Number of protein chains: 2
Amino acid sequence: MPNVTRNTRQRGEVLALLREVDGFHTAQQLHQMLVARKARVGLTTVYRTLQLLVDAQEIDSTRLPGGEQLFRRCSQSRHHHHLVCRRCGSTVEVAGPAVERWADQVAAQHGFTEVGHTFEIFGTCAQCAR
Amino acid sequence: MPNVTRNTRQRGEVLALLREVDGFHTAQQLHQMLVARKARVGLTTVYRTLQLLVDAQEIDSTRLPGGEQLFRRCSQSRHHHHLVCRRCGSTVEVAGPAVERWADQVAAQHGFTEVGHTFEIFGTCAQCAR
DNA sequence: CTCAATGCAAAAGGTTTGCACGCTT
DNA sequence: AAGCGTGCAAACCTTTTGCATTGAG
């Protein structure tokens, strides 16, 4: 973990890409996109940068039922969930205040502390269904 | 995929173990438990049997944020969610009809089809918090 | 006797780490 | 000049697969 965050070309490339693409993508996918646009960034660096961004809460990450980690630049700063297309990875950010409250309440009822939760909705978007 | 399911000693061991243990456990953990009790079942078989059981809807599986797959024998037959202790893996099964409906509704609003969702609550249970 | 099931070893992902070199500050 | 960041290769982990052997029916 770096104490200082330097502005390197590679990090710029990753950030620039994240600003352009929409929806969730795996680290591998993002790396491939970078390679495709001749950005010369190593896979290792992509992973490290993404992890850095997740820690800094600048991007969001979830996991597919398959286990791969997905990353996405988040436009909302508040906690929220995602409706993700299985096919193309496009996402809709949804807020579900009721769900949050319910989760915390259920956990509290059972004496659980340090509560967190994951909630993702998967489906096939209208585009991809055609 | 087998057309016929034969009753082998190994499958019996796995099932017996699942009946005894509580909460979610990874395939590796279950395998270690089997080894510990000298049940002589290969890791491969554990994976294959668990997958079989998941397909047959006899057990439930989720994934940790870390990506490992967890398995658990389910007492409820209906769709439900889990409150999982991060420390000891003990779980509480919770039904959240409202959540289900909300998920389907949100998805439909955005034109998504073949909708599924994942919802897990993580925390530290009262036991482990002490 | 047949064919599904097993188990080993190897493959196959995806992600992380060790280490020497290079670039930001 | 100092030390963080990079990138390659190798290590790691979990899960899957190939294949010869075992055993249920």
Side-chain angles (χ1 to χ4, degrees), chain A residues 1-18 24-56 58-72 84 86 89 120, chain B residues 1-18 24-56 58-72 84 86 89 118:
Chain A
M1 293 110 235
N3 308 325
V4 184
T5 295
R6 295 185 176 177
N7 294 327
T8 61
R9 180 185 58 74
Q10 290 86 335
R11 290 186 180 173
E13 305 273 22
V14 172
L15 286 167
L17 177 63
L18 284 169
F24 275 103
H25 299 274
T26 64
Q28 308 263 356
Q29 287 173 335
L30 292 168
H31 178 240
Q32 279 169 18
M33 292 182 217
L34 287 169
V35 169
R37 57 153 85 179
K38 314 217 190 314
R40 316 270 257 74
V41 182
L43 177 58
T44 309
T45 299
V46 173
Y47 274 106
R48 281 195 281 230
T49 303
L50 289 172
Q51 193 50 58
L52 226 51
L53 292 170
V54 168
D55 291 346
E58 303 226 346
I59 61 174
D60 228 37
S61 91
T62 6
R63 272 176 206 271
L64 278 182
E68 308 119 285
Q69 194 168 9
L70 298 174
F71 301 91
R72 181 180 198 244
V84 187
R86 282 196 184 86
E120 303 295 328
Chain B
M1 289 117 233
N3 308 324
V4 184
T5 295
R6 297 185 177 177
N7 293 329
T8 62
R9 180 184 56 76
Q10 289 85 337
R11 288 186 182 173
E13 304 273 25
V14 173
L15 286 167
L17 177 62
L18 285 169
F24 276 103
H25 298 274
T26 65
Q28 308 264 355
Q29 286 173 335
L30 293 168
H31 178 240
Q32 278 170 20
M33 292 180 216
L34 288 169
V35 169
R37 56 153 86 178
K38 314 217 188 313
R40 316 269 257 78
V41 181
L43 177 58
T44 310
T45 299
V46 172
Y47 273 107
R48 281 194 281 231
T49 302
L50 290 172
Q51 193 50 59
L52 227 49
L53 293 170
V54 169
D55 292 345
E58 303 225 347
I59 60 173
D60 227 38
S61 91
T62 4
R63 271 173 206 274
L64 278 180
E68 309 118 285
Q69 194 168 8
L70 299 174
F71 301 90
R72 180 179 196 243
V84 188
R86 283 195 184 86
T118 65

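All chains are named by letter (A, B, ...) in the order of the sequence lines, taking the proteins before the strands, and each is independently numbered beginning at 1. Quantities reported herein were computed from a predicted structural model and do not represent experimental measurements.
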- [ ] Give a yes or no answer on whether the side chain of B:Arg9 reaches the backbone of B:Ala39 with a donor-acceptor pair at less than 3.5 Å.
- [x]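 Flag set: sc B:Arg9 to bb B:Ala39 pair under 3.5 Å.
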
Open item on the list: Between the base of D:dG7 and the side chain of A:Arg40, is one N or O donor paired with an acceptor at under 3.5 angstrom?
Closed with: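 It does not, because no donor-acceptor pair links the side chain of A:Arg40 to the base of D:dG7 below 3.5 Å.
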
- [ ] Spell out yes or no: do the side chain of A:Arg63 and the base of C:dG14 have one donor N/O and one acceptor N/O closer than 3.5 Å?
- [x] no

TODO: Would you mind telling me which residue lines up with the more 5' stretch of DNA chain D, B:Asn7 or A:Leu43, judged by nearest nucleotide?
DONE: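 Upstream on the strand: A:Leu43.
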
- [ ] Let me know, please, whether B:Glu68 or B:Arg9 comes out on the 5' side of the other along DNA chain D by nearest nucleotide.
- [x]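 Comparing both residues, the 5'-ward one is B:Glu68.
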
About how many Å separate [atom2] of [Y] and [atom1] of [X], when rounded to the nearest 0.5 Å?
| X | Y | atom1 | atom2 | value |
| --- | --- | --- | --- | --- |
| B:His25 | B:Leu50 | NE2 | CG | 11.5 Å |
| B:Leu70 | B:Gln29 | CG | CD | 7.5 Å |
| A:Leu34 | A:Arg40 | CG | CZ | 12.5 Å |
| A:Leu53 | A:Ser61 | CG | OG | 11.0 Å |

- [ ] Could you check whether A:Thr44 gets within reach of a base, just the sugar-phosphate, or nothing at all, counting any heavy atom under 4.0 Å?
- [x] base

Open item on the list: For a quick check of understanding: with a heavy-atom distance under 4.0 Å over all strands, which category does A:Gln69 fall into, base, sugar-phosphate or nothing?
Closed with: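 A:Gln69: backbone/sugar contact only, no base atoms under 4.0 Å.
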
Choose from [options] the nucleotide whose nearest atom is closest to any side-chain atom of [X].
| X | options | answer |
| --- | --- | --- |
| A:Thr8 | D:dA2, D:dT6, D:dT15 | D:dT6 |
| B:Tyr47 | D:dG25, C:dT25, D:dT16 | D:dT16 |
| B:Gln10 | D:dG7, C:dG7, D:dG5 | C:dG7 |
| B:Thr45 | C:dT6, D:dC8, D:dT15 | C:dT6 |
| B:Gln28 | D:dT14, C:dC23, C:dA4 | D:dT14 |
| A:Val41 | D:dG7, D:dG25, C:dT16 | D:dG7 |

How many whole angstroms separate atom [atom1] of [X] from atom [atom2] of [N]?
| X | N | atom1 | atom2 | answer |
| --- | --- | --- | --- | --- |
| B:Gln51 | D:dT14 | CD | C1' | 14 Å |
| B:Leu50 | C:dG7 | CG | P | 13 Å |
| A:His31 | C:dG13 | NE2 | P | 17 Å |

Task: All side-chain hydrogen bond (donor to acceptor under 3.5 Å, both in side chains) counterparts of B:Arg37, not counting sequence neighbours - done: B:Glu20

TODO: Answer yes or no: does a side-chain N or O of B:Arg11 lie under 4.0 Å from OP1 or OP2 of C:dA5?
DONE: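 Answer yes for this pair, as a side-chain N or O of B:Arg11 is under 4.0 Å from OP1 or OP2.
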
Task: A:Ala27 to A:Tyr47 - nearest heavy-atom pair and separation - done: CB-CE2, 3.5 Å

Task: Terminal axis angle for the helix from C:dC1-D:dG25 to C:dT25-D:dA1, five pairs an end, nearest 10 degrees - done: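 If I round to tens, the end axes sit 30° apart.
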
